[in-house]
Structures are given as structure tokens and as C-alpha cells.
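Hydrogens, waters and symmetry mates play no part in the numbers below; they use all other heavy atoms, side chains included.
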Amino acid sequence: MKEGNLTVVRVLKGTPAQRAGIKSKDVIQRIGNESTVNMDLNDAVDRLRGKPGSDVALTVLRSGWPAPKAMTLTRAIINVESVDGKLLEHNIGYIKLKGFQGNTARDLHAELKRLKQEALARPDGAGGKPGLKGLVLDMRGNPGGLLEQAIQVSDAFVSEGTIVTTVGYSDKMREVKKAHSDESDTQLPLVVIVNAGSASASEIVAGALKNLNRAVVVGRQTFGKGSVQVLYDFPDESALKLTIAQYLTPGDVSIQEVGITPDIELVPSRLTRERVDVFAPKKTMGEADLNGHFGNPNSEKVATKREEIAPKDKPLEELRFLRDEPPAPKDPKDKKERPDRDDYEMEDLEGEDPDTNEIVEDYQIRFSRDLLLAAPLPSRDGILRAAKPFIAGRRAEELARLEKAIEALGLDWNAASAEGASVAGAPRLAMEMKPAAGQKITAGETLAWSVNVENTGTRAVHRLRAWSESENPYLDRREFLFGALAPGEKRSWQVNIKLPQEMVSRRDAVTLKCLDDEGDRLEDVKGEVHVIELPRPSFAYSWQIVDRCEGCNGDGMAQPGETVELAVEVKNVGAGKAHDLLGSLKNKGDEHISLAKGRSKLGEVLPGQSKTAVFEFEVKPDFKVASAPLQLTLGDEATDEYTTEKLAVPVSGQKGEQAKAMQVAIRAISDAPVYAAASESSPVVGTARKGTVLAADARFGEIYRVQLGSRMGFVSARAVKEAKLVEAKAQTIETVETRSEPRIQLSLDTLAGGIATDSDKFTLSGTASNKSGLRDLYIFVNEQKAFFEAARDPAGPIKFQVDLPLKPGNNAVVIVAREDEDFMSRKLLIVHRRTVGTPKTKVVDMRPGPRSPNNSKDDGVRHVPPEGGVVPSPTP
């Protein structure tokens with residue numbers, strides 16, 4: 001769904017949509033006779049699916065068409081392509097495996113056969129003979145699928161050995177799947193590419209080809225899903241998923257939590273003045289980051305995050321490269337600051353253009369291709385031995401590119417010379433972070449985060465750099481480059497971070513990890529960043545039906561056969577403005593209701609200001625029930641403030657009285673209620689104070705209809721008398737906001753700043769109230785329920801005071817007050833429990849210390865200790 005419209009992202013080859021002429025970016029306005037405006041995606045899929053050979057009618061709008069067009073698709077069974085391929089330069093084949101479906105192994109054999117035939121028809125480009133010289137098997141982002149298909153794909157390249165072992169029931173059940181010698185291509189040089197998105201069945205293939213000495217694995221550590229699950233479907237459409245066993249790769253190696261370690265780790269880097277991702281260790285998401293996951297059977301405890309996992313083996317080679325920058329977004333609004341430092345997210349291309357689905361030869365593919373050209377051998381160890389000069393050469397090339405990019409930023413990135421190292425004395429660094437710990441930054445602003453450094457020692461320091469650690473993802477793994485500093489020299493580096501407007505008040509401890517030329521980790525520098533949240537908007541609203549269509553009787557009620565408006569009067573009753581308020585209306589499942597307009601953009605709404613959102617829907621003539629099930633959402637994305645409620649909009653089964661048109665003025669003889677419809681039993685939407693003069697344009701018996709801007713109201717004739725029409729100009733009523741979410745009021749003021757304490761407990765008190773009544777209130781700390789109280793008096797407030805347990809660092813406290821299951825309010829607090837002080841200035845002693853055995857060679861990138869995250873293991 002894009003802006004409430006069911007939009008085609010991509011059309012698969014050989015499908016009914018392609019045969020019918022559907023194109024990317026087409027908007028499907030109707031499926032059959034049902035509007036798709038704000039339709040849930042799953043509901044749209046259910047309506048598009050059906051019996052093969054049956055037809056489904058669509059109404060499609062395309063850019064450039066003067067009007068929507070009707071199109072008919074004949075349903076068919078769709079086989080989604082999980083295999084794609086291309087013949088690369090020098091006759092190296094490339095196959096992308098997107099998943100493991102029922103036809104994956106068959107399609108792999110067909111694609112491999114096609115590549116061989118194409119390679120036989122052309123020279124390799126380097127004067128060699130025609131023929132396929134090697135194969136790159138790309139499984140980046142492959143989430144897995146059918147186990148049997150993974151076994152068959154592995155079997156295509158090996159002729160002996162165990163592919164996978166399934167172990168369950170406390171090791172009582174053990175099933176071994178072995179390779180077959182028939183139809184296996186054991187001589188084709190093979191490289192497998194993986195990353196953190198490679199999971200389950202793709203890990204089985206990578207592990208089998210690696211451990212059976214068949215292929216070199218390049219890329220990043222895989223996801224780490226080594227569990228076997230079965231799914232039981234029940235008649236009521238519920239299901240039960242059970243984990244019953246685990247997968248073991250050859251050698252009985254469990255990949256659970258750990259994943260597959262690549263032989264050659266390719267680490268993407270970027271380096272511009274605006275963004276540096278080079279020296280900090282990369283964060284990737286894996287099985288270990290999921291709540292409730294199973295631990296590795298060889299580990300003493302279950303990990304809580306991926307960083308706690310120590311892989312059984314380490315990459316034999318590691319190479320950092322400056323990544324291919326993805327194309328800039330066509331719409332400037334799509335360019336957003338991303339807090340993640342995840343290299344999986346950095347690899348935006350992943351060998352495939354997301355818009356066209358065409359293969360893109362990114363760095364990982366080019367490296368794998370050239371690796372096979374440099375070492376065209378059929379075994380893993382053979383390729384690794386023969387490729388050592390090639391890998392060393394590529395590492396030197398990437399290092400030169402990196403140094404050139406750093407020097408282009410105006411930094412001296414020369415290594416320390418032997419002569420300089422012999423100078424007596426030692427460098428000493430004084431470092432200072434700005435803003436200082438006590439300085440507050442407002443959410444939505446750009447944080448100019450700078451680090452100033454001075455060499456106060458007697459010897460120069462070279463290739464000085466630093467990176468940050470923080471629980472706040474916007475502050476984590478930000479890198480600072482300084483280069484060479486002579487004694488007495490100063491330098492600073494600034495990182496500009498656009499903080500989101502929805503960020504709540506918080507204090508975040510930050511630690512600066514510093515590295516010098518020799519790769520020695522220096523003493524950490526501590527600091528704190530203090531963010532102040534923006535005042536938040538809050539929304540009160542009332543709604544009514546406006547029926548002014550041709551054929552409508554104008555009585556303010558929805559009736560079968562009418563196309564009516566739902567007018568929602570929204571008032572910002574919060575302390576802060578809504579930056580871009582958007583209203584959204586959804587049909588919650590009644591096929592006799594068809595939305596014509598489901599979005600209403602209200603823009604900026606200041607505190608105390610009111611605006612009207614207008615939606616439109618059709619009540620079909622065969623509508624039979626008493627109300628239309630709709631869902632209203634009012635939200636401001638900038639501040640992340642949303643209100644959602646299910647509406648039961650009454651639908652009258654009979655046509656009401658027809659309006660008697662007139663143009664008169666009426667004066668309230670006392671405070672007169674203004675109704676939503678031509679009935680005194682309908683909701684009150686406002687009050688006309690005594691003396692107010694309104695223009696009436698129709699009468700329904702003893703009820704006048706008055707115009708209220710884009711809305712209408714109804715006033716009893718008993719409460720008014722006729723007046724001069726000229727007096728009705730510029731007269732208004734006091735509107736009534738009939739609905740507002742529960743209010744949570746705390747004893748502390750979050751607008752004053754973030755909360756920090758040295759204690760392991762925090763006392764939180766406050767009150768929740770709601771004029772429509774409260775059901776209950778509960779509080780979570782770090783996703784664990786810490787407090788619950790049901791309302792003793794639904795009409796009264798809930799007062800609370802609770803001691804909340806805190807872990808060191810940041811604690812997420814969520815307070816939820818509910819009116820019912822669907823209507824509630826939520827407030828988030830970040831409470832920081834301090835563990836250490838926050839010095840303003842840090843002097844770092846850089847006297848020579850013990851060296852690791854790997855840093856005897858100086859290249860400024862590779863040979864740093866494990867804290868830097870880039871130490872290669874010795875090649876066997």
C-alpha cells in the first residue's frame with residue numbers, strides 16, 4: 001500500500017498480471033466491485049486469489065491515463081522464480097538463489113545448463129577456450145525454505161559425504177542425508193556468497209559446500225537458524241508451530257545462533273564527509289537477537305544478542321572495501337537519516353536492483369568472479385591456497401582506495417615511519433566531546449557532535465581514529481577521523497546527526513573507542529548526550545455523516561444506496577503541534593461498504609487548533625446490518641503520535657424524511673444543542689449559545705439543518721426562532737470533542753529532560769484519566785510487565801506509584817492506559833541507570849604497550865585487535 005492505494009511494485013514474468021498488461025506502479029482501485037482504498041494488504045491478496053481458471057475483474061489507474069480502465073485477469077497457479085542467472089565476464093556463471101521452493105533444485109539445474117551452453121558459444125574474453133570457467137552461487141538475503149530442496153541443491157555439486165544431519169528428541173532421533181555420486185558437478189570451481197540475511201536452508205547449503213571442501217564462502221556471517229520446525233494447521237484457521245529438532249552441518253556442527261562463518265569476510269565500508277563506516281565493528285542481526293530463540297547446544301548459556309556469540313571459527317581472510325553507493329532516491333522525501341549501523345542494510349543492492357529485479361554486479365559479485373579466475377580449482381582448500389596473491393593484491397587495492405578517500409577529506413593518513421618511531425618520548429592525547437554532558441539538545445534538531453583532540457606528548461601519533469558505542473542507535477558506531485598529529489597539534493572531527501522529532505527525552509552514555517597507527521586500542525573516552533523531547537500533540541475529535549450526494553436526502557444519516565461523507569472534526573488538545581496530521585479510514589471487512597476517499601491530509605495543526613478531515617464511502621443498496629464497521633486513525637508521523645478507534649457508523653435501513661429546502665436564519669433562544677443528524681437521539685456535535693444566529697438551508701419536520709463550514713448540523717425548532725438572514729454571517733458554534741484517548745499524567749516533567757539515576761530502582765507515580773471511562777492501566781519495563789491495575793470506578797482516574805527495577809544503561813518504560821481493547825494511550829520513558837562518571841575531558845596515555853602477534857605489519861586497516869573487529873585469522 002502506498003499512501004492508501006494498492007500499488008503494483010513489480011510484475012512477475014509469465015503471470016496472469018503480465019499477460020493482462022498490468023505494469024509496475026499501476027494502482028488497483030477496485031477488485032470486483034469493492035474499493036481497495038486503505039484495504040489491508042492481506043484482504044487484497046485474499047480477494048485476488050481464487051480457483052485457477054476463474055476470472056477476477058480489476059479497475060486499474062495508470063499515470064498518463066485520463067480515467068481508470070477495467071481489466072480482467074484469469075487466475076492461474078504461479079510459480080515464483082527462486083532462481084535467476086547471468087553469464088559474467090570471462091565465462092564465469094552467476095546464479096542467484098532467492099529461496100528454496102518446490103522447484104528450486106530443478107530450476108538450478110536448468111539455469112546451470114543454460115549458462116554452460118551460453119559459455120560454449122563464446123570465448124572467455126581473455127583468449128581462453130569457450131566453456132564455463134566457474135560458478136558464483138549468491139544466497140544473500142535468502143531466508144531459506146524447503147529442506148529437501150537445500151539438500152538437492154547441495155547434492156548438485158558434491159558426490160560424497162554428509163550434507164546435513166537432523167537431530168531431535170534428546171538425540172534419540174538422528175537422520176543423515178548424504179550426497180549421491182550421480183549427476184553431480186564436482187569439477188566446476190565454486191564460490192558461495194552469503195550475508196546476515198542468509199538463513200536456515202541457505203545456511204545448510206553454504207555449510208555443506210564449505211565443510212565438504214567444495215566451495216569457498218565469501219561475504220558475512222549468516223543468520224544462525226539451525227532449528228527444525230513443523231506447522232500444524234487447525235480447522236479454525238489457527239496454527240501451531242513446534243520446534244522439534246536441529247540441523248547439523250557436516251562434522252556435526254550446529255549453526256544455531258552462530259551461523260556459517262565465511263572463509264573470506266567482505267566488509268562493506270563507506271567514507272564521505274557526511275558518513276564514515278570503516279573502522280567500527282559492524283552490527284548485524286541474527287537468530288541470537290530474537291526473543292525466545294534456542295541457544296547453541298555447545299554454549300553454556302543462550303545469548304541475548306548477536307555480539308555475545310563467538311563463532312567456532314574465524315574468517316581465514318578479511319577484506320574491507322568501499323561499497324558501491326546505491327543510487328540516490330528519486331524523491332528527496334525518501335532520503336532519511338537511518339540510525340542503524342547494519343552492514344546488511346548498507347548493502348542496498350545485494351546483487352539485485354530492487355526496482356527492476358535485474359542482476360547488478362556489485363563488489364561482492366565482482367570479487368567472487370575474479371577469485372575464480374585467479375584460482376580456477378574445484379576444491380575449497382585449493383582455491384584458498386592459489387588465491388593468496390590475488391586476495392593480498394585486492395586488499396592492497398582497497399587499502400589504497402581507502403587511504404585516497406581519507407586524504408581527499410584533508411587528513412594526513414601517512415603511516416608512522418621507522419625514523420619517527422625512534423623519537424624519544426611518547427604521544428599523549430587530550431580529548432573532549434561536544435556537546436558537554438550537561439548540555440541539552442532538542443529532538444528534531446541536528447546534533448553537531450564533535451570530538452576535539454590535542455597531542456600533548458613529545459612524539460607524533462599517526463592514523464588516529466575513533467568510533468562510538470551507545471545504546472541509542474543514532475549515536476552508536478559513529479566514526480571520527482583525525483589522522484596524524486604532531487606534538488602540540490590539535491584537530492577536531494564533527495558528525496552531524498539529524499535527531500528524529502519523535503525521540504523522547506533521554507540521557508545516553510557514549511563511549512569513544514580510540515585506535516592509533518599500530519592498531520593499539522587506547523583508553524576509552526566517556527561522555528553523555530542529553531536529548532529533550534518536543535511537546536506532543538494529542539487529538540480529540542467528533543464525527544458525523546454528511547449526506548449531500550445526488551439522491552441523498554440530507555438528513556445526516558447513512559442509508560443503503562447513498563454515497564456519504566464522514567466528516568471528522570479534529571482538535572489538537574496537546575501541548576505541542578502536529579507537524580503533518582493525516583487522517584485515514586479503513587473498511588474493516590464489510591463488502592457492502594466501498595471506500596471512495598480513505599485519506600485526508602490536514603497538515604500542521606497547532607495546539608488548540610481544529611481542522612476537519614473528510615472521507616467518503618458508499619453504502620451499497622444490499623447493505624443489511626445496523627452499522628458500518630470502519631477504523632479511523634489520526635496520526636502525526638513526525639512525533640509518532642497516533643489515535644486509532646473502531647467506529648460503528650449507524651446505517652438507517654429506511655429512507656428518512658425528504659428535506660424541505662429553505663434559506664432562513666434562526667436565533668438560539670437558549671443554549672441549543674446541535675445534533676449530528678435530523679434526530680434528537682443522534683450525538684451532539686456542538687452547542688449554539690443563546691443569541692447565536694445560524695443560516696438554515698433545510699427543515700425536516702421540527703428540525704432545522706444548518707451549515708457549519710464543510711459540515712452540517714441539526715437544531716430543534718423548539719430551541720430557536722427565525723431571525724434576519726444577514727445576522728447569520730460569521731456565526732459559529734462551540735464544537736464538542738466527543739472522543740479523546742485516555743490521558744496519562746506523570747509526577748515528573750519529561751519536557752525538562754531525560755531521567756538518570758544511580759539506583760537500581762526508580763519510583764514512578766502519576767494518574768491516568770478518561771472522560772469516557774478507564775478499563776485498566778499497566779506498565780512494562782524492558783518488555784516485562786511491572787505493574788497492573790484495573791479501574792475500580794470506570795468513571796474515575798487510576799492513580800499509581802510503583803518502584804520499577806532497572807538494569808544498567810537505558811531502560812524502556814511503557815505506560816498504557818486502556819478504555820477498551822481497541823482504544824488506548826501509550827507513553828514511553830527512557831530511564832538511564834548510570835554506572836560510571838562522565839568526564840568532560842580525557843587525557844589518553846599513548847605510551848607503547850604490548851603488541852598482538854598480528855600487528856607487526858602496518859597497513860592501517862587490517863591489523864587491529866579484536867575490539868576493532870577486523871583481525872583476520874592466520875591462513876592455514
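Ionic pairing of D185 and K113 is not present here: no N-O contact between side-chain nitrogen and carboxylate oxygen is shorter than 4.0 angstrom. Salt bridge D277/R477: absent, no basic N to carboxylate O contact under 4.0 Å. With respect to R220 and E265, a salt bridge is recorded, a charged nitrogen being found less than 4.0 Å from a carboxylate O. The pair E403-R463 meets the salt-bridge criterion, with a side-chain N (NZ, NE, NH1 or NH2) lying under 4.0 Å from an Asp/Glu carboxylate O. A salt bridge is absent between E398 and R394: the closest approach of a Lys/Arg side-chain nitrogen to an acidic carboxylate oxygen does not fall below 4.0 angstrom. Checked for salt-bridge contact, D263 and K314 miss the test: no charged N lies under 4.0 Å from a carboxylate O. A salt bridge links R395 with E317: the closest approach of a Lys/Arg side-chain nitrogen to an acidic carboxylate oxygen falls below 4.0 angstrom. Of the charged side-chain nitrogens involved, none lies within less than 4.0 Å of a carboxylate oxygen, so that R114 and D107 do not count as a salt-bridged pair.
Residues W467 and L481 have side chains not in contact (no heavy-atom distance under 4.5 Å, counting atoms from C-beta outward). A heavy-atom distance below 4.5 Å is found between the side chains of L87 and R122. Considering only heavy atoms from C-beta on, V276 comes within 4.5 Å of W493 through its side chain. Side-chain atoms of K133 and P189, non-hydrogen and from C-beta on, never get closer than 4.5 Å to each other. A 4.5 Å side-chain heavy-atom check between L384 and V216 finds at least one atom pair inside the cut-off. Using a 4.5 Å heavy-atom cutoff, the side chains of D381 and R385 are in contact. Counting heavy atoms from C-beta on, the side chains of T249 and I255 come closer than 4.5 Å. Side chains of L209 and L137 form a contact here, defined as non-hydrogen atoms less than 4.5 Å apart.
One finds the CD1 atom of I92 at 8.5 Å from the CG atom of L135 (value rounded to the nearest 0.5 Å). Atom-to-atom distance recorded for L88:CG and Y94:OH is 8.5 Å, nearest 0.5 angstrom. Note: Q246 CD to T165 OG1 = 10.0 Å, rounded to the nearest 0.5 Å. For the atom pair D138 CG and R140 CZ, the distance stands at 4.0 Å (nearest 0.5 Å). Atom CG in D155 sits 4.5 Å away from atom CD1 in I163 (nearest 0.5 Å). Annotation: the span from R106 atom CZ to Q152 atom CD amounts to 11.0 Å, rounded to 0.5 Å.
Donor-acceptor pairing under 3.5 Å is lacking for the side chains of S82 and K98. A donor and an acceptor atom, one from each side chain of T104 and Q149, are nowhere located under 3.5 Å apart. Neither side chain, D524 nor T511, offers a donor N or O lying under 3.5 Å from an acceptor on the other. For Q221 and T261, the side-chain atoms include at least one donor-acceptor pair closer than 3.5 Å. Checked by atom type, the side-chain pair S198/E203 shows no donor-acceptor distance below 3.5 Å.
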side-chain contact (heavy atoms from CB on, under 4.5 Å) evaluation trace for D84 with I359: CA-CA 8 Å; D84 198 4; I359 292 171; 3.9 Å; yes
Derivation of the side-chain contact (heavy atoms from CB on, under 4.5 Å) call for T166 and M173: CA-CA 8 Å; T166 305; M173 184 271 285; 4.2 Å; yes
Stepwise side-chain contact (heavy atoms from CB on, under 4.5 Å) check, L271 with I406: CA-CA 7 Å; L271 208 161; I406 293 176; 3.2 Å; yes
Trace of the side-chain contact (heavy atoms from CB on, under 4.5 Å) decision for H462 with D516: CA-CA 6 Å; H462 295 266; D516 73 344; over 6 Å; no
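Taking all atoms of both residues into account, the shortest heavy-atom contact from N211 to P250 is ND2-O, 3.1 Å. The minimum heavy-atom distance linking A150 with V205 is given by the pair O-CG2, 3.5 Å. Of all heavy-atom pairs between S227 and Y247, the closest is O-CE1, 3.5 Å. The minimum heavy-atom distance between A206 and V194, with the atom names listed, is CB-CG1, 4.0 Å. The nearest pair of heavy atoms linking L373 to P376 is O-CD, 3.7 Å. Nearest heavy-atom pair across L212 and G161 is CD2-CA, 4.1 Å.
T162 places no side-chain N or O within 3.5 Å of a backbone atom of V164 that could act as its donor or acceptor partner. Listed for the D412 side chain is no donor-acceptor partner under 3.5 Å among the backbone atoms of G483. Distance alone, capped at 3.5 Å, is enough to place a donor-acceptor pair between the R214 side chain and the F157 backbone.
Take F367 and apply the ring-ring contact (aromatic ring centres under 6.0 Å, His included) test, not counting sequence neighbours, and it matches F390.
With a 6.0 Å radius and a threshold of 12 heavy atoms from other residues, nucleotides or ligands, E160 has its CD atom at or below the threshold.
Under the 6.0 Å distance and 45° angle rule, R465 counts as a cation-pi partner of F279.
Applying side chain to side chain contact (heavy atoms under 4.5 Å, CB included) to S202 and the options V192, N195, N142, V153 leaves one that passes, N142.
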